**Student:** 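Sharing a structure with you now.
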2 protein chains.
Amino acid sequence: MSVRREAILEVLTSGPGHLSAQEIHRAAQERLPRIGIATVYRALKFLCACGKAAEFIPADGVARYEPAGSRAHHDHLICNSCGSFIEAVEPEIEKLQIRLAARHGFKPSSHKLEIYGICSRCSGK
Amino acid sequence: MSVRREAILEVLTSGPGHLSAQEIHRAAQERLPRIGIATVYRALKFLCACGKAAEFIPADGVARYEPAGSRAHHDHLICNSCGSFIEAVEPEIEKLQIRLAARHGFKPSSHKLEIYGICSRCSGK
DNA sequence: TGGCATATGATAACGATTATCATTATCCCA
DNA sequence: TGGGATAATGATAATCGTTATCATATGCCA
Ligand SMILES: [Mn+2]
Ligand SMILES: [Mn+2]
Ligand SMILES: [Zn+2]
Ligand SMILES: [Zn+2]
C-alpha cells in the first residue's frame with residue numbers, strides 16, 4: 001500500500017461514499033495536490049482486486065466506489081432528484097434471488113439491485 | 001414511424017434480444033446498408049420514449065435494448081462466461097422491493113435486478 | 001408544386017476509462 | 001550502504017460508447 005493508495009482508501013472510508021473516480025480524484029488532491037487521475041483509476045482497481053473497495057455501475061454508466069471488506073453486502077435506493085444513494089438490505093430478497101437463479105440452473109456469483117425513485121427528503125416530507 | 005425506425009424495431013423484436021446499439025446497427029445494415037449509427041441511436045431513443053423499446057445498462061456500462069410495451073417486466077440473469085441474458089421474474093421479490101423502499105420513505109419508480117454468474121449451459125450440465 | 005417540419009448520415013465533440021511511456025519512488029540483497 | 005531490479009506515478013495519447021452539429025434528403029400538407 002503506497003501513500004497514494006492509502007490516501008484514496010481514506011477518501012473512500014471517510015467521505016460521503018458512492019463517489020465516482022473523478023470525485024475521488026478531487027478529494028484526494030486536497031491532500032496530495034500532484035496526484036494524477038491515472039493513479040486514482042489504478043488505485044481503485046488495485047483496492048477492488050484486494051477486496052478493500054467495491055465498484056458498482058448505476059444506470060448512468062459511470063462507475064462508483066465504496067469501501068468493502070468490513071462492510072456487508074447491501075443494495076441501493078437511488079434518488080432521481082438529488083442523486084443520493086440510500087443503502088438498504090432485505091434478507092428475504094437475497095434468499096429469493098438465490099432460489100430464482102437455481103430455478104434456472106444458474107450459479108449466481110454476484111448481483112446488483114438498484115431501485116430508482118424519489119427519496120423522502122426530495123418528496124418533501 | 002419512418003422506415004428505419006420500423007427496421008430497428010424489427011431487429012429488436014425478431015433478433016436474439018439484449019443487443020447493444022452497435023450490434024443493432026450491424027443487424028440493421030443487412031436490410032438498409034446505408035443506415036448511419038447516429039440514426040440507430042436516435043431511433044432507439046425514440047422507441048424508448050414511445051414505450052416500444054426499453055434500455056438497460058448492465059455492469060459493463062454499455063446500454064442494451066429490448067422490445068417493450070407488449071412484454072412484462074422481468075429481471076436478468078447474466079452469464080459471466082458466455083454473456084447470455086436469461087429473463088426471469090419472481091413476484092415475491094417485486095413485492096418485497098416495494099416494501100423495502102417504503103421502509104425508507106422512498107418512492108420507487110423503476111428498478112434493476114441483475115444476477116451475475118454462470119448459466120446452466122456454461123456450467124456444463 | 002412549394003414550403004416547412006422532420007429524419008438522416010457524416011463527422012466532430014465529449015466524457016469516462018485505459019494504454020503508453022518516460023520518470024520516480026521503493027524494495028532487496030550483495 | 002549502495003545500486004540495480006521492480007513497482008508506482010503523472011502526463012498524455014488513445015479508445016470506446018454516446019451525443020451534438022450541420023448540411024442534405026425526405027415526407028406531408030396547403
Ligand atoms: Mn453503498
Ligand atoms: Mn430482457
Ligand atoms: Zn433525493
Ligand atoms: Zn453462459
Side-chain angles (χ1 to χ4, degrees), chain A residues 1-12 15 17-66 76 78 80 83 85 112 114, chain B residues 1-12 15 17-66 76 78 80 83 85 112 114:
Chain A
M1 285 285 284
S2 70
V3 60
R4 321 194 176 212
R5 290 176 180 174
E6 292 279 11
I8 285 166
L9 182 55
E10 176 66 15
V11 167
L12 287 182
H18 310 111
L19 299 176
S20 69
Q22 320 268 341
E23 290 165 348
I24 292 166
H25 184 216
R26 262 177 254 130
Q29 278 181 319
E30 293 180 9
R31 305 141 163 259
L32 303 169
R34 307 205 36 86
I35 191 172
I37 184 70
T39 299
V40 173
Y41 277 106
R42 276 185 296 238
L44 289 170
K45 188 163 293 187
F46 172 87
L47 291 171
C48 287
C50 64
K52 294 195 172 71
E55 174 192 82
F56 68 99
I57 301 183
D60 65 0
V62 179
R64 293 187 171 269
Y65 300 86
E66 56 189 343
H76 290 129
I78 305 177
N80 286 324
F85 292 74
K112 177 165 67 170
E114 285 155 11
Chain B
M1 287 284 283
S2 71
V3 61
R4 318 190 183 219
R5 290 176 180 175
E6 293 280 12
I8 285 166
L9 182 54
E10 175 66 15
V11 168
L12 288 182
H18 309 112
L19 298 176
S20 70
Q22 320 266 342
E23 290 165 348
I24 292 165
H25 183 215
R26 262 176 254 131
Q29 278 181 320
E30 294 181 9
R31 305 141 163 260
L32 303 169
R34 303 204 40 83
I35 192 172
I37 184 70
T39 300
V40 173
Y41 278 106
R42 277 186 296 237
L44 289 170
K45 187 163 292 187
F46 172 87
L47 292 170
C48 287
C50 64
K52 293 195 173 70
E55 175 193 81
F56 69 99
I57 301 182
D60 64 1
V62 179
R64 292 186 173 268
Y65 300 87
E66 57 189 343
H76 290 130
I78 304 176
N80 286 325
F85 292 74
K112 176 166 66 170
E114 285 155 11

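Quick caveat, the model's predicted, so the values are computed rather than measured. Each chain gets a letter, A, B and so on, in the order the sequences are listed, and its residues count up from 1.
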**Student:** Would you indicate which nucleotide in D/dG10, D/dT18, C/dT17 comes nearest to any side-chain atom of A/Ala63?
**Tutor:**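 For the A/Ala63 side chain, the nearest candidate turns out to be C/dT17.
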**Student:** With B/Arg64 as the cation and B/Phe85 as the aromatic partner, state whether NZ or CZ is under 6.0 Å from the six-membered ring centre and within 45° of the axis.
**Tutor:** no
**Student:** Does either side chain, that of B/His76 or that of B/Glu114, offer a donor lying less than 3.5 Å from an acceptor on the other one?
**Tutor:**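 No, no side-chain donor-acceptor pair sits under 3.5 Å.
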**Student:** Figure out the OH/P separation between B/Tyr41 and D/dG17, and round it to whole Å.
**Tutor:**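 Between P of D/dG17 and OH of B/Tyr41: 7 Å.
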**Student:** Looking only at side-chain N and O atoms, does B/Ser2 come under 4.0 Å of OP1 or OP2 in C/dT8?
**Tutor:**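 Result: yes.
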**Student:** Rounded to whole Å, how long is the line connecting atom CE of A/Met1 with atom P of C/dC27?
**Tutor:**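 In whole Å, C/dC27 P and A/Met1 CE are 13 Å from each other.
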**Student:** Show the nearest heavy-atom pair for residues A/Ile8 and A/Thr39, with the distance to one decimal.
**Tutor:** CD1-O, 4.3 Å
**Student:** How many Å lie between CD1 on B/Ile35 and C1' on C/dT8, as a whole number?
**Tutor:**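 Rounded to whole Å, this separation is 9 Å.
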**Student:** Rounded to the nearest Å, what distance is computed from the CD1 atom of residue A/Ile37 to the C1' atom of nucleotide D/dT12?
**Tutor:**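 It is 13 Å, rounded to the nearest whole Å.
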**Student:** Should B/Lys45 be listed as having a side-chain N or O under 4.0 Å from OP1 or OP2 of D/dT19?
**Tutor:**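 So the side chain of B/Lys45 is within the cut-off, an N or O lying under 4.0 Å from OP1 or OP2 of D/dT19.
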**Student:** Measure from CD1 on A/Ile57 to P on C/dG15 and round the result to the nearest Å.
**Tutor:**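 Spelled out: CD1 on A/Ile57 to P on C/dG15 is 19 Å.
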**Student:** Just to confirm, is there a sub-4.0 Å distance from OP1 or OP2 of D/dA11 to any side-chain nitrogen or oxygen of A/Arg34?
**Tutor:** yes
**Student:** Could you walk me through whether A/Arg31 and A/Glu10 pass salt bridge (charged side-chain N to carboxylate O under 4.0 Å, His left out), step by step?
**Tutor:** CA-CA 11 Å; A/Arg31 305 141 163 259; A/Glu10 176 66 15; 3.7 Å; yes
**Student:** Which residue lies toward the 5' end of DNA chain D, A/Arg4 or B/Arg64, if each is placed at its nearest nucleotide?
**Tutor:**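 Nearest-nucleotide comparison on DNA chain D picks A/Arg4.
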**Student:** Ignoring hydrogens and angles, tell me if any N or O in the side chain of A/Lys45 forms a donor-acceptor pair with the backbone of A/Val40 under 3.5 Å.
**Tutor:** no
**Student:** Check the distance between D/dT9's C1' and A/Leu32's CG and give it to me in whole angstrom.
**Tutor:** 12 Å
**Student:** Whole angstrom is fine here: how far is it from CD in B/Gln22 over to P in D/dT15?
**Tutor:** 15 Å
**Student:** Could you check whether the side chain of A/Arg42 and the base of D/dG10 have a donor-acceptor pair of N or O atoms closer than 3.5 Å, going by distance alone?
**Tutor:** yes
**Student:** Measure CD/B/Glu23 against P/D/dT18 and give the value in whole Å, please.
**Tutor:** 11 Å
